[in-house]
A.B. asks: 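Structure below; questions to follow.
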Amino acid sequence: MQNLLHNLNPEQLAAVTLPAQSALILAGAGSGKTRVLTTRIAWLIQTQQVSPAGIMAVTFTNKAAKEMLARLSAMLPMSTRGMWVGTFHGLCNRLLRTHYRDAALPQTFQILDSQDQLSVIKRLLKANNIDDEKYPPKTLMYFINNAKDQGLRAHQVEAHDPIERKLVELYEIYDLQCQREGVVDFAELLLRSYELLARNQPLREHYQQRFRHILVDEFQDTNDLQYNWLKLLAGHNVVGGGALFAVGDDDQSIYAFRGANVGNMAAFEREFRVQNLIKLEQNYRSHGHILDSANMLISNNSKRLGKNLRTDAGHGEPVRIYEASSDLEEAQWIIEEAKSLMAEGSARRDIAILYRSNAQSRVIEQKLFAAGLPYIVYGGQRYFQRAEVKHVIAYLQLMDNPHNDSAFLRVVNFPTRGIGSRSIEQLQAAAGQQGISLYAAVPHVAGKAGSSLANFVRLIEGARFETTQLPLPEMVRVVLEASGLLAHYQGEKDGTDRVENVEQMVSAATHFVQEEGFGQNAPAHLGPRAQAQSGAPIVSEDGIEIFDADAPLPTVMSPLSAFLSHASLEAGDAQAQAGQDALQLMTVHSAKGLEFDAVFITGLEEGLFPHESSAREMDGVDEERRLMYVAITRAKKRLYMSFTQTRMLHGQTRYNMKSRFFDELPEEALKWLSPRVQSHWSGNKKSAWDEPVFAGGSDNKIAHQIAQKASSGPGWRIGESVAHAKFGEGVIVNLEGSGSNARAQINFGRAGVKVLDLSVAKLDRVGR
DNA sequence: ATTTTCTCCATTTTT
DNA sequence: TGGAGAAAAT
């Protein structure tokens, strides 16, 4: 106990030991948020305020959930059995598996990932003869997910025009189709379990009674449906409801584009009448100059809950800023700097190179490759998303739930077995007419097509009966053989990677069975669920079936069903070599939650960061600023920022101005490394700007004035920076005409792109 | 049934 | 510019 609270700062201690009421913890970057969350749980249990079974902890990613669980089991002497720790989707899946009947789902319902969902939608559009030019599948998918994220079923969505009315209609058909197939998409997991709790009073009360403490991480990322789900579970406005402990940082809200609503923080404070708002402002990560930069930048946002990070570490190194002439030169500079950092003793894995959009990584990768430096790019394809792995999964899905049409179509003719598009069309017609699945429609197709389809059905049935008694990994092994997948990839040239990936499914299954305790002979120490005896449903006084909420999943779910959920909900790691000692390349978004000794923030140009499309969105630039805030606060000791004059984008050279965010940083914390870089289009190699002029703050302004006086006059060139009285600073993007007809197309960034008559417009040269 | 050619697109991402 | 996905050609 003493041990537990040892080394917490006063704010952290206050948060950990709050009374059992709903509370909001505003936790700044690097303020020990996860530590507070886990210590709170441990403290509640150790002081006997609640048993592990009374606790639910919700996260957004599996990684966060795993980390929390790992830290908890290190902290607590007892088992974490009965505690519900997981992602929103994972916990909803658990709820729906346990109460599948009440949720009107088949026991073996399967989870569609985004890929599968899109394929269902494409199929649906085709089956209903909808013009996919007018209704692009992606648009419909976005429409459906958006509605579900707001908790709305098709009939609850208001349609304002004929297009929307059609989308609503298609949403309705989509849900019916999913129900027929026994599949649910990600948003459906949440909506279905929300509706389950909302409509089923005994069930709702059961869980409200049970979870005395619900703790939520990254609360600023919750969408409306997630917030309402939490409200329901926590028994908001219910006498004796549980306590909701929400931890978040409004300044790090960067997922509005996927439905996250920062407003949930303020709503929570108001609706739960939060007495205890605690701010964690002590930062344990970054040096002073870095933190000052972050603080000043974010102070430009309005609508903040308000927070200022502080550190006990000194100022540290200044933030270094570099202007490059091109994206290639920027990449080269990064490599030189990274090399010198490494020469000073930095490990490669402690250096991160961040960018706003994925496309920016290419140039950097090329230069890194040429320099022979090892690197890892985050993001990309996950293990369970790979085509060959999805094929294996499709066979397994059909064995568990043959009505999954997506799975059926994926493998009915893979490896090829003479079932062409004509046969499939026939089958789809039959299935559509009867309102049944493709699998069920097979007997309705006559002729040669019918018999090859029947053979496929026999293959699936055979595999199922053969493997009913087998442990999961052996089941997978049989499927690899029986499906012909393994042979197919073995016979493929350059197929070694695929053979490897496909065979790895067996070890993935082995690993899963051990981890989750599904094996009959799983040793008792392996996991809480392994120790449980098979539990029978408990029937409440109302006669409603309430399973023992601690019932191990094996009692409600077959190992295969569980494994398939796992494959959908935990796509696996994208980068196999993660953790290796290599430079870390990633988008700013994926850097959230991570920290590095040294960080490069690249491409800080108007239009790129902040991104131009953010200008169109409500509070878009504020969100970009929060993104920049996240980027800055990743750095512990060294922070570099760079921008370029020219950049290749979509096959065209673009001339950009430096990001407005530079104007929002404290000058005393910055060190400008380069003068205005010698422009490659200028013949004059010996300009005044070859010498470093910008040592920092005040010098900068003086240099700026001198530059304007020294070089105003005609003879404009593309790429040159200019100043206009009304539009401010801009970059010449194009020149047209000559003499008195000469006009310049100028990108003024915030003011947009203007075409100005050079004989009329008063322009000044700018040396930044 | 596979390979080649064309067309389209282009923030950010987890589940 | 370059990658993915679809249509077209062998």
Side-chain angles (χ1 to χ4, degrees), chain A residues 58-65 86-93 111-119 122 126 132-133 136-138 142 145 148-149 184-191 193 217-218 221-223 225-226 253-260 327-328 354-363 365-366 378-382 384-385 387 413-422 492-493 565-574 586-593 603 607-617 620 623-624 626-628 630-631 647-654:
Chain A
V58 198
T59 64
F60 277 87
T61 63
N62 293 300
K63 196 179 157 206
T87 62
F88 278 102
H89 294 85
L91 297 175
C92 286
N93 180 46
I111 301 163
L112 300 175
D113 64 21
S114 334
Q115 230 177 85
D116 302 330
Q117 188 187 17
L118 192 62
S119 91
K122 281 182 183 166
K126 206 166 270 174
D132 59 1
E133 297 274 280
K138 288 240 172 78
Y142 177 83
N145 289 340
K148 288 190 180 183
D149 283 346
V184 297
D185 58 54
F186 287 131
E188 183 72 23
L189 278 174
L190 281 151
L191 182 51
S193 79
D217 193 14
E218 307 278 19
D221 289 338
T222 52
N223 65 30
L225 180 54
Q226 286 159 339
S253 159
I254 55 173
Y255 285 115
F257 71 90
R258 66 175 196 207
D327 44 356
L328 288 160
L354 310 185
Y355 34 80
R356 173 69 242 265
S357 61
N358 287 301
Q360 288 168 254
S361 76
R362 236 191 60 246
V363 175
E365 284 186 69
Q366 280 167 2
Y378 277 67
Q381 276 245 313
R382 322 294 203 80
F384 286 114
Q385 315 243 55
N413 196 35
F414 193 94
T416 49
R417 42 178 76 88
I419 300 174
S421 45
R422 292 178 319 281
E492 202 179 48
K493 52 182 187 312
S565 311
H566 166 81
S568 302
L569 292 175
E570 285 192 55
D573 283 325
M586 65 191 84
T587 63
V588 180
H589 280 94
S590 30
K592 190 174 161 210
L608 192 59
F609 200 175
H611 199 276
E612 53 197 353
S613 49
S614 71
R616 286 192 284 277
E617 284 147 30
E623 176 133 331
E624 295 288 304
R626 291 192 289 268
L627 196 53
M628 181 67 183
V630 168
R647 180 179 295 278
M648 196 65 128
L649 199 65
H650 309 327
Q652 275 179 323
T653 305
R654 304 214 342 181

A.B. asks: A:Ser614 side chain: which of B:dT15, C:dT1, B:dT11 is closest?
C.D. replies: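 Looking only at side-chain atoms, A:Ser614 lies closest to B:dT11.
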A.B. asks: Could you label the plane-to-plane angle of the A:His589 and A:Tyr255 rings as parallel, tilted or perpendicular, counting under 30° as parallel and over 60° as perpendicular?
C.D. replies: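 Rings of A:His589 and A:Tyr255: tilted, 30 to 60°.
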A.B. asks: If B:dT15 has a Watson-Crick or G-U wobble mate with both distances under 3.5 Å, name it; if not, just say none.
C.D. replies: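 Per the H-bond distance test, none.
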A.B. asks: Any base atoms under 4.0 Å from A:Ser613, or only sugar-phosphate, or nothing? Heavy atoms, all strands.
C.D. replies: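 Contact class for A:Ser613: base.
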A.B. asks: Which is true for A:Tyr255 with a 4.0 Å heavy-atom rule: it touches a base, it touches only sugar-phosphate, or it touches nothing?
C.D. replies: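 Sugar-phosphate, backbone atoms only, no base.
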A.B. asks: Does a salt bridge link A:Arg362 with A:Asp327, judged by any charged N lying under 4.0 Å from a carboxylate O?
C.D. replies: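 Salt bridge between A:Arg362 and A:Asp327, a charged N being under 4.0 Å from a carboxylate O: no.
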A.B. asks: One thing to verify: whether A:Arg356 and A:Glu624 come together as a salt bridge, which I'm taking to mean a side-chain N less than 4.0 angstrom from a carboxylate O.
C.D. replies: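 Salt bridge between A:Glu624 and A:Arg356, a charged N being under 4.0 Å from a carboxylate O: yes.
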A.B. asks: Grab the CZ-P distance between A:Arg417 and B:dT2 for me, whole Å please.
C.D. replies: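 Taking CZ of A:Arg417 and P of B:dT2, I get 13 Å after rounding.
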A.B. asks: From B:dT14, B:dA10, B:dA1, pick the nucleotide closest to the side chain of A:Thr416?
C.D. replies: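 The answer is B:dA1, which lies nearest to the side chain.
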A.B. asks: If only side-chain N and O atoms of A:Thr587 are considered, is one of them under 4.0 Å from the OP1 or OP2 phosphate oxygen of B:dT13?
C.D. replies: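 So the side chain of A:Thr587 is within the cut-off, an N or O lying under 4.0 Å from OP1 or OP2 of B:dT13.
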A.B. asks: Taking atom C1' of B:dT15 as reference, at what distance in whole Å does atom CG of A:Leu225 sit?
C.D. replies: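 About 13 Å, once rounded to whole Å.
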A.B. asks: To the nearest Å, how far apart are A:Asp185 CG and B:dT13 C1'?
C.D. replies: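 Atom CG in A:Asp185 sits about 16 Å away from atom C1' in B:dT13.
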A.B. asks: Reckon A:Lys122 touches a base, only the sugar-phosphate, or nothing at all at heavy-atom distances under 4.0 Å?
C.D. replies: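 Counting heavy atoms under 4.0 Å across all strands, the contact made by A:Lys122 is with sugar-phosphate only.
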A.B. asks: Which is it for B:dT11, anti or syn, if anything within 90° of zero counts as syn?
C.D. replies: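 Syn.
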A.B. asks: Specify the separation, in whole Å, of atom CD of A:Glu133 and atom P of C:dA6.
C.D. replies: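 Roughly 13 Å, once rounded to whole Å.
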A.B. asks: Would you indicate what A:Phe60 reaches in the nucleic acid, counting non-hydrogen atoms under 4.0 angstrom: base, sugar-phosphate, or nothing?
C.D. replies: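 It contacts sugar-phosphate atoms only.
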A.B. asks: Is the shortest side-chain N to carboxylate O distance from A:Arg258 to A:Asp149 below 4.0 Å?
C.D. replies: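 A:Asp149 and A:Arg258: not salt-bridged.
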A.B. asks: Please state whether the phosphate of B:dA10, meaning OP1 or OP2, lies under 4.0 angstrom from any side-chain nitrogen or oxygen of A:Asn358.
C.D. replies: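 Negative; the distance criterion is not met.
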A.B. asks: Using the P atom in both, what is the distance from B:dT13 to C:dA4, to the nearest Å?
C.D. replies: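 The same atom, P, in both gives a distance of 16 Å.
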A.B. asks: What is the distance from CG of A:Asp217 to C1' of B:dT14, rounded to the nearest Å?
C.D. replies: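 After rounding, the gap between these two atoms is 14 Å.
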A.B. asks: Reckon A:Asn62 has a side-chain N or O less than 4.0 Å from the OP1 or OP2 of B:dT14?
C.D. replies: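 Looking at the OP1 and OP2 atoms of B:dT14, neither is under 4.0 Å from any side-chain N or O of A:Asn62.
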A.B. asks: In plain terms, say whether A:Glu623 and A:Arg626 are close enough for a salt bridge, that is, a side-chain N and a carboxylate O under 4.0 Å apart.
C.D. replies: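 Looking at A:Arg626 together with A:Glu623, the answer is yes, because their closest N to O distance falls below 4.0 Å.
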A.B. asks: What is the distance from CG of A:Leu608 to C1' of B:dT11, rounded to the nearest Å?
C.D. replies: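 To the nearest whole Å, that distance equals 9 Å.
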A.B. asks: Looking at the side chain of A:Arg362, which of C:dT1, B:dT11, B:dA1 is the nearest nucleotide?
C.D. replies: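 The answer is C:dT1.
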A.B. asks: Between A:Thr87 and A:His89, is a side chain to side chain donor-acceptor pair (under 3.5 Å) present by the stated rule, with each step listed?
C.D. replies: CA-CA 5 Å; A:Thr87 62; A:His89 294 85; 5.0 Å; no
A.B. asks: Within the 3.5 Å criterion, strictly below it, is a donor on A:Ser565 or A:Ser568 matched to an acceptor on the partner's side chain?
C.D. replies: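 Their side chains do not contain a donor-acceptor pair, so the 3.5 Å distance test is not met.
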A.B. asks: How close or far is atom C1' of B:dT11 from atom NE2 of A:His589, stated in whole angstroms?
C.D. replies: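 Value for this atom pair: 8 Å.
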A.B. asks: Could you identify the nucleotide paired to B:dT2, looking across every strand shown and requiring Watson-Crick or G-U wobble geometry with both distances under 3.5 Å?
C.D. replies: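 For B:dT2, the partner nucleotide comes out as C:dA9, under the 3.5 Å rule.
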A.B. asks: Is there aromatic stacking of A:His611 against B:dT11, centre distance under 5.5 Å, plane angle under 30°?
C.D. replies: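 Check passed, A:His611 stacks on base of B:dT11.
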A.B. asks: On a whole-Å scale, what distance lies between the P atoms belonging to C:dG5 and B:dT12?
C.D. replies: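 Rounded to whole Å, the distance is 15 Å.
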A.B. asks: Of A:Arg422 and A:Asp113, whose closest DNA chain B nucleotide lies nearer the 5' terminus?
C.D. replies: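 Looking at the nearest nucleotide for each, A:Arg422 comes out on the 5' side.
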A.B. asks: Students often get this wrong, so: under 4.0 angstrom with heavy atoms, is A:Glu624 touching a base, only sugar-phosphate, or nothing?
C.D. replies: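 Base, at least one base atom sits under 4.0 Å.
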A.B. asks: Is the phosphate of B:dT15, meaning OP1 or OP2, less than 4.0 Å from a side-chain N or O of A:Arg382?
C.D. replies: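 For B:dT15, OP1/OP2 do have a side-chain N/O of A:Arg382 under 4.0 Å.
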A.B. asks: From the set B:dT13, B:dA1, B:dT15, return the single nucleotide nearest to any side-chain atom of A:Arg258.
C.D. replies: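 Within the option list, the nearest is B:dT13.
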A.B. asks: May I have the distance from A:Glu492 (atom CD) to B:dA1 (atom C1'), rounded to whole angstrom?
C.D. replies: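 Atom-to-atom, A:Glu492 to B:dA1, this comes out as 14 Å.
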A.B. asks: Between the base of B:dT15 and the side chain of A:Ser114, is there any donor-acceptor pair under 3.5 Å?
C.D. replies: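 Such a pair is found, so the answer is yes.
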A.B. asks: With a 4.0 Å cut-off on heavy atoms, is A:Gln385 in touch with a base, just the backbone sugar-phosphate, or nothing at all?
C.D. replies: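 If one applies the 4.0 Å heavy-atom cut-off, A:Gln385 turns out to touch nothing in the nucleic acid.
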